[in-house]
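No hydrogens, no waters, no symmetry mates; every other heavy atom, side chains included, goes into these values. Only a predicted model underlies this, so the values are computations on that prediction, with no experimental measurement involved.
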Amino acid sequence: MQLGFIEEDGFQMEYVLTFGPSELACQLLVGLSRSMLLFIVTAGLSLVLGVLRVPNIAHGSLYMIGAFTAFTVSTVVGGAGGFWLSLIVAPLAVALVGLVAERILFCHLYEREHLMLLLFTFALMLILGDLVKIIWGAEYRSVTTASLLQGSFMIFGLPFPRYNLFLLIMGPLVAVALWLFVSKTKIGRISRAAAVDREMVGVLGINVSWVFATAFVIGCLLAGLGGALIAPTVSITLGMDHTIIIEAFLIVTIGGLGNMWGALIGSLIFGITHSFGVMFWPQFAIVFPYVAVVIVLLLRPRGMLKSVW
Amino acid sequence: MFRGIIDLKSLWLIGAIFIILLILPPIIPRFYTYILTLIFVTALLAMSLNLCVGYGGMFQFHHGVFYGVGAYTVALMLTKTSLPVWVGFIAGPIVAAAVGLLIGWFCVRLTRLYFGMLQISLGSLIWAIAFRWYTLTGGDDGIHGIPMPSLLSSLNSSYYFILIILVICLIVLYLIVKSPFGRTLQAIRDNPERCEAVGVNVRRHQLITIVIATFFAGIAGVLFVVLEHSVFPDLMFWVLSLEAFIMCLLGGWFTFAGPVLGAAIMISLRTFVGIYTEYWTLILGIVLILLIFFLPEGVMGYFLEKFKPRAKEVVERSSELNVAG
């Protein structure tokens with residue numbers, strides 16, 4: 001068996017170079033675990049798009065803040081506890097940033113046209129990006145996971161990183177939690193209704209403003225969680241917001257704008273095509289997901305699932 | 001030639017600005033000449049984008065790709081082949097327009113945000129190829145030290161060259177906007193369904209607009225190479241495309257000269273704030289947010305509204321446009 005090494009937007013991993021059934025299966029699992037990470041980030045973006053109708057370019061910056069916070073927490077606390085704590089603290093810290101931004105800035109702008117919101121969130125991305133630079137500096141950072149998740153185990157006769165297995169568990173957990181939130185809680189149901197017809201929800205006498213705030217904060221929570229989860233697998237650096245946000249937007253578009261399950265399908269398409277791209281043509285691996293997006297958009301111009309837009 | 005197309009007062013103003021720009025380089029320091037030239041190049045990019053965005057109502061989200069394609073074409077032709085320089089200069093815009101035709105052909109099938117997203121994915125594809133194809137494009141390093149003819153080797157001579165090309169392009173763009181084609185395009189922007197009903201081929205008009213706009217973006221790309229003597233994949237990255245988009249919104253995308261103003265504001269902010277602090281994007285972000293809250297029609301739109309009551313209807317129309325339709 002031959003092993004190759006590649007660094008993809010800082011996503012470092014060893015890849016198998018010979019193709020057999022077990023290599024394909026293993027690569028599929030790697031792709032799935034990457035999809036789960038993408039899903040956690042894009043589900044947040046999709047929620048904000050669906051409920052608030054805000055194309056939030058700053059979502060990537062929130063994800064970056066999550067990763068940097070995870071770095072700080074895990075360095076200060078140290079050890080296994082530091083890593084587990086970072087998974088809790090980073091999303092909460094990002095949610096706090098989101099809450100402040102929502103209450104001070106976003107809530108005045110919901111009635112504006114979408115292009116202005118795009119411009120506004122772009123401005124926010126610039127501001128948050130520089131704030132991260134001020135707080136954490138421009139150096140590369142890295143996070144060590146708990147020793148439980150280090151190393152790899154054998155599957156199909158090939159080594160598979162334990163951390164990727166952890167991601168494969170976290171993704172469905174987040175999906176179930178989100179599903180419970182939007183379909184079982186009152187506020188989740190209202191936010192779904194607001195996604196379909198916000199005026200009607202307002203007419204019914206429900207205060208839409210706090211529904212929006214909750215949805216936005218949950219979106220930020222997911223961005224922060226995604227950042228904290230990716231932190232151990234990449235070198236954390238400025239500019240990681242630029243890479244993720246474009247992927248996230250393409251994913252929500254091919255999934256169906258504002259549709260959470262669409263975000264899941266989009267993430268799977270994106271993650272798996274990328275992972276097989278790495279296997280078959282590492283140099284141009286990043287091209288594969290874009291080709292997949294183009295094909296999906298040409299076949300289904302409004303995305304795979306029903307869009308709320 | 002311009003009778004009925006432009007009024008005398010604006011013509012005097014534009015002529016005065018042009019003459020001032022002509023006599024500036026020997027007077028001002030080299031650094032300012034460079035900044036002015038950079039503004040010219042970026043302004044042409046923003047103007048070409050505004051043909052799609054402001055006049056066509058299309059969500060041309062990845063316009064930077066065509067700028068990059070133009071720049072890469074001329075860079076590759078000057079470094080890898082021994083063809084005369086002017087062939088490269090002509091090939092840049094033509095290749096950019098060809099890529100624009102190809103991408104646009106797919107994009108015009110979709111509308112609004114989906115149009116933009118398809119363009120971003122197609123554009124990112126080209127970016128990824130330029131970013132990874134080390135043997136041809138130099139990968140993430142790009143190509144540096146592109147040889148230029150001696151005529152364009154000094155900054156002052158490239159300043160005049162770029163200024164003259166910019167003026168020619170602006171005149172052509174203005175004539176396009178005021179032509180029957182431009183009027184039809186604006187009608188499509190305001191009401192595509194109605195235009196379709198009266199027999200206008202909406203998609204073909206949009207495609208032609210994209211090709212024209214990408215041609216001018218290609219010219220801007222060539223001018224960038226003339227100024228910087230180098231290319232790098234960031235020219236095709238979506239951040240630059242979005243910046244160009246922001247220039248249109250910032251300057252006022254329902255006005256002809258708005259994008260020029262937007263480009264000037266953006267480049268000056270970056271340069272002059274960048275002198276005092278490395279955190280210039282923070283300042284840019286704050287300025288943008290203040291503009292959104294207080295000048296939603298863009299800087300040019302604001303002044304037009306203030307000084308010309310006629311422009312008000314233009315501004316009102318801008319609020320009718322929505323993203324997803």
Side-chain angles (χ1 to χ4, degrees), chain A residues 49 53 55 57-58 105 108-109 112-120 122-131 133-134 138 239 241-243 245-247 249-254 257-258 281-298 300-303 307-309, chain B residues 53 59 61-62 103 106-107 109-118 120-129 131-134 139 237-239 242-243 245-246 248-250 253 277-293 296 298 318-325:
Chain A
L49 258 172
R53 303 286 165 95
I57 299 180
L105 299 168
H108 303 292
L109 294 168
R112 292 291 184 83
E113 57 176 309
H114 293 111
L115 277 185
M116 276 298 149
L117 287 172
L118 202 74
L119 175 58
F120 168 70
F122 180 69
L124 202 63
M125 182 188 97
L126 296 177
I127 293 176
L128 290 177
D130 257 8
L131 285 181
K133 198 161 142 194
I134 290 172
D241 52 344
H242 290 178
T243 329
I245 191 62
I246 206 70
E247 296 182 350
F249 260 107
L250 293 176
I251 287 170
V252 295
T253 314
I254 59 173
L257 290 173
W281 201 6
Q283 194 192 353
F284 287 103
I286 41 172
V287 176
F288 284 72
Y290 295 125
V291 173
V293 170
V294 170
I295 292 170
V296 170
L297 276 182
L298 288 178
R300 293 189 65 94
R302 297 241 139 194
S307 155
V308 301
W309 277 51
Chain B
V53 178
F59 284 22
F61 278 171
H62 216 333
I103 289 185
F106 288 113
C107 287
R109 273 137 228 284
L110 310 189
T111 51
R112 299 279 163 192
L113 201 60
Y114 295 94
F115 174 103
M117 282 299 161
L118 181 62
I120 283 189
S121 46
L122 283 164
S124 301
L125 225 142
I126 294 176
W127 165 78
I129 291 170
F131 188 68
R132 286 282 167 175
W133 197 349
Y134 286 92
F237 199 48
W238 67 271
V239 174
L242 199 60
E243 271 179 18
F245 208 96
I246 302 282
C248 295
L249 297 186
L250 187 66
W253 49 319
T277 163
E278 60 173 313
Y279 304 113
W280 74 272
T281 51
L282 181 74
I283 310 289
L284 175 65
I286 292 169
V287 170
L288 282 179
I289 286 186
L290 290 177
L291 277 171
I292 295 162
F293 273 97
S318 78
S319 59
E320 284 170 20
L321 272 158
N322 275 319
V323 169

Quiz item: Based on non-hydrogen pairs under 4.5 Å, which of A:V296, A:V293, A:V294, A:V287 is most in contact with chain B?
Solution: A:V294
Determine the option with the most heavy-atom pairs under 4.5 angstrom with chain A, choosing from [options].
| options | result |
| --- | --- |
| B:W280, B:Y279, B:F245, B:Y134 | B:Y279 |
| B:L242, B:V287, B:I283, B:I126 | B:L242 |
| B:F131, B:W127, B:F115, B:W133 | B:W133 |

[X] versus chain B, the contacting section by heavy-atom distance below 4.5 Å:
| X | value |
| --- | --- |
| A:L118 | side chain |
| A:I57 | side chain |
| A:F249 | both |

Exercise. Pick one of side chain, backbone, both or neither for B:L110, based on which atoms fall under 4.5 Å of a heavy atom in chain A.
Key: side chain
Quiz item: Is A:R300 atom CZ crowded by more than 12 heavy atoms from other residues, nucleotides or ligands, each under 6.0 Å away?
Solution: no
Exercise. Return the orientation label for the A:H242 and B:F237 ring planes: parallel under 30°, perpendicular over 60°, tilted otherwise.
Key: tilted
Practice problem: For the residue pair A:F120 and B:I289, establish whether any side-chain heavy-atom pair is separated by less than 4.5 Å. | Solution: yes
Measure the spacing between [atom1] of [X] and [atom2] of [Y] and express it to the nearest 0.5 Å.
| X | Y | atom1 | atom2 | value |
| --- | --- | --- | --- | --- |
| B:H62 | B:W238 | NE2 | CH2 | 9.5 Å |
| B:M117 | A:I254 | CE | CD1 | 11.5 Å |
| A:L119 | A:L124 | CG | CG | 11.5 Å |

